[in-house]
Amino acid sequence: MKITQDLYQGSLALLTDFYQLTMAYAYWKSGKAEEEAVFNLFFRKNPFQGGFTVAAGLDYIIDYCRNFKFGQDDLDYLKSMKNADGSLTFEPAFLEYLSKMEFSCDLDAVEEGTVVFPHMPIIKIKGPLIQCQLLETPLLNIINFQTLIATKAARIVYAAKGDSVLEFGLRRAQGIDGALAASRAAYIGGCTSTSNVMAGKLFGIPVSGTHAHSWIMSFDSELEAFKAYADAFPDKCVFLVDTYDTIKGVKNAIEVGKILRERGKEMLGVRIDSGDLAYYSNLAREMLDEAGFPDAKIVASNDLDEQIITSLKIQEASINVWGVGTKLVTAFDQPALGAVYKLAAIKNKEGLWEPKVKVSQQSIKINVPGNQRVVRFSKNGKALADMIFLKEESLERGQFTIIDPVDPTKRKKIYTDGLEKEELLKSIFEKGTKVYERPDIHQTKKNTERNLTQFDKAHKRLVNPHVYPVGLEEGLYELRTQLVFKMKDYDGA
Ligand SMILES: Nc1ncnc2c1ncn2[C@@H]1O[C@H](COP(=O)(O)OP(=O)(O)OP(=O)(O)O)[C@@H](O)[C@H]1O
Ligand SMILES: O=P(O)(O)OC[C@H]1O[C@H](OP(=O)(O)OP(=O)(O)O)[C@H](O)[C@@H]1O
Ligand SMILES: O=C(O)c1cccnc1
């Protein structure tokens, strides 16, 4: 999958914030560039006021890291940069150093489709400080968006209670890559197909579609238009019935459905794109059933999202398939996930790892220090709690206490006897070499389904979900507390 290079024709090394390059230069100047560091990528709140998040974007990150190389064009561009006094921003020896840089980090990540929660590292990268730093922005760019959209899709699919959800977002998505990445993430999150043909080609996602009002309007009558469509696509007839009058539209669809049947073909269904979707879908269902088309599906579209779908389900609308565009691919009610990327540890001159915290007035913003792992404890396939712990900690203990990273009064004891343990961070790169075998996108979609079934409905409900317990292992919690006190006393000297 080379979507990113195909789109941008070459190196993506400059797809980073300028300050990453200025820091890179300064690290190099001060002799720190090759010091080893660990950074974590994590978010602080589930999006959409929800109770869970579906990770997506790793496949892009694998491509990004594998192709992480400054090309001659990139170096020429950096060479052309000048300071206010006319001097070069980056001295030639630094650009020479960049020209030889190759991705050489260890990268661990949760697999795409994994259900994840605030504060846990979803990507952990260990390697030369300069590389880890340069990767901050692209890693966040990729994960923030795809994870957001996969989560939105999972919520919409959850609301649809087993009905198919077709992603229709391309026309209103945030630009070209926004659309492509959204179609990919929406499929991972549980959508059945996309209307975006290029996403179908690039990612192997099923493509589907009906027809637009313009098709009907280009004929003298709706009936004529349906007949002509049936001639062109006898096996794919989903008639859009609301161009003029929805009830007459359903009657016309039935008439053409009968003609198709005489030819040994079946009309697949109708689509309703306006008006009261509960009222019209129920009416259409009655008419189709009475006319002998009980299997014809009713597709609904028009500014749908998980809340409207939930409401239509409560109203017992007869909708079987949901076409969702704008509100899915733009993550309408929350336009960004807000994942961050923080230094967690650095190797000092004596070769010892030093855990690092950023102290903040807001306790939610204090990161978790050290080289971490994450384990999910489950019983009979049902997830009970996740624990963030230090790499050197053994998982073989019979009991752990986990402590909420923001509210230390929230604690949970875990007796591990009889529990399943799944380590969530998988090794993706070792010293720059890919060691992970990527699943195809259909396996990834199944991984999302498998992950979601592990969680109780209480965590998946769309409004006021029950918080799933994720905590720091006691020792890690203590380490963080001590470091915070130490840094607060620190006089900056
Ligand atoms: N029964 C319903 N319950 C809840 N929301 C509904 C119902 N029917 C439709 N909606 C939603 O209401 C919103 C607006 O629909 P409305 O009927 O006002 O305009 P419209 O039919 O789209 O008009 P237009 O012809 O301009 O497209 C859409 O988001 C639609 O999905
Ligand atoms: O509503 P969304 O979730 O974004 O789904 C995609 C919308 O795109 C099409 O509408 P079109 O572009 O023809 O606009 P209109 O139906 O609003 O006139 C389609 O008929 C859906 O209504
Ligand atoms: O195929 C459709 O029905 C479709 C595709 C994109 C947008 N709206 C509808």
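All of these numbers come straight from a predicted model, not from anything done at the bench.
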Main-chain N/O of [Y] paired with [X] side-chain donor or acceptor, under 3.5 Å:
| X | Y | answer |
| --- | --- | --- |
| Asn144 | Ala339 | yes |
| Thr448 | Ile188 | yes |
| Ser221 | Glu224 | yes |

Salt bridge [X]-[Y], side-chain N to carboxylate O under 4.0 Å:
| X | Y | result |
| --- | --- | --- |
| Arg261 | Glu266 | yes |
| Asp245 | Lys251 | no |
| Lys152 | Asp305 | no |
| Lys248 | Asp242 | no |
| Arg285 | Asp289 | yes |
| Glu306 | Arg155 | yes |
| Asp456 | Lys382 | no |
| Arg271 | Asp273 | yes |
| Asp440 | Lys445 | no |
| Arg184 | Asp59 | yes |
| Arg373 | Glu423 | yes |

Could Lys460 and Tyr158 be counted as a cation-pi pair, given that NZ or CZ must be under 6.0 Å from the ring centre and within 45° of the axis?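 Relative to the ring axis of Tyr158, which defines the angle, Lys460 lies outside at least one limit.
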Once salt bridge (Lys or Arg N to Asp or Glu O under 4.0 Å) is applied, do any residues pair with Lys45, and if so which ones, sequence neighbours excluded?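 Counting only residues at least two positions away or on another chain, Lys45 forms no salt bridge (Lys or Arg N to Asp or Glu O under 4.0 Å).
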Work out which heavy atom in [X] is nearest to a heavy atom in [Y]; give both atom names and the distance.
| X | Y | answer |
| --- | --- | --- |
| Pro121 | Val374 | CD-CG2, 3.6 Å |
| Ile143 | Ala56 | CD1-O, 3.6 Å |
| Asn282 | Gln315 | ND2-O, 4.3 Å |
| Thr243 | Ile216 | OG1-CG1, 3.5 Å |
| Val157 | Cys191 | CG2-N, 3.8 Å |
| Asp177 | Tyr60 | OD1-OH, 3.6 Å |

How about His119 and Phe43: are their ring centroids closer than 6.0 Å?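 Between His119 and Phe43, the centre distance exceeds or equals 6.0 Å.
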Over 12 foreign heavy atoms within 6.0 Å of CZ, Phe18: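 Check passes, neighbour count above 12.
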Does Met217 have more than 12 heavy atoms from other residues, nucleotides or ligands lying within 6.0 Å of its CE?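 No.
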For the residue pair Tyr468 and Phe117, does the interplanar ring angle fall in the parallel (under 30°), tilted (30 to 60°) or perpendicular (over 60°) class?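 It falls in the parallel class, under 30°.
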Can you spot which of Asp386, Asn40, Val368 makes a side chain to side chain contact (heavy atoms under 4.5 Å, CB included) with Met120?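 Option passing the side chain to side chain contact (heavy atoms under 4.5 Å, CB included) with Met120: Asp386.
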In the structure I gave you, are the side-chain heavy atoms of Val435 and Ile428 within less than 4.5 Å of one another anywhere?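 No - every pair of side-chain heavy atoms lies 4.5 Å or more apart.
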Contact check, side chains of Val54 and Asn451, non-hydrogen atoms, under 4.5 Å: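 With C-beta onward as the side chain, the pair stays apart.
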Residue pair Thr194, Glu167: steps toward the side-chain hydrogen bond (donor to acceptor under 3.5 Å, both in side chains) verdict: CA-CA 5 Å; Thr194 179; Glu167 179 266 303; 2.5 Å; yes
Under the ring-ring contact (aromatic ring centres under 6.0 Å, His included) criterion, do His442 and Tyr187 qualify, and how do the steps go? CA-CA 9 Å; His442 312 293; Tyr187 184 68; 5.7 Å; yes
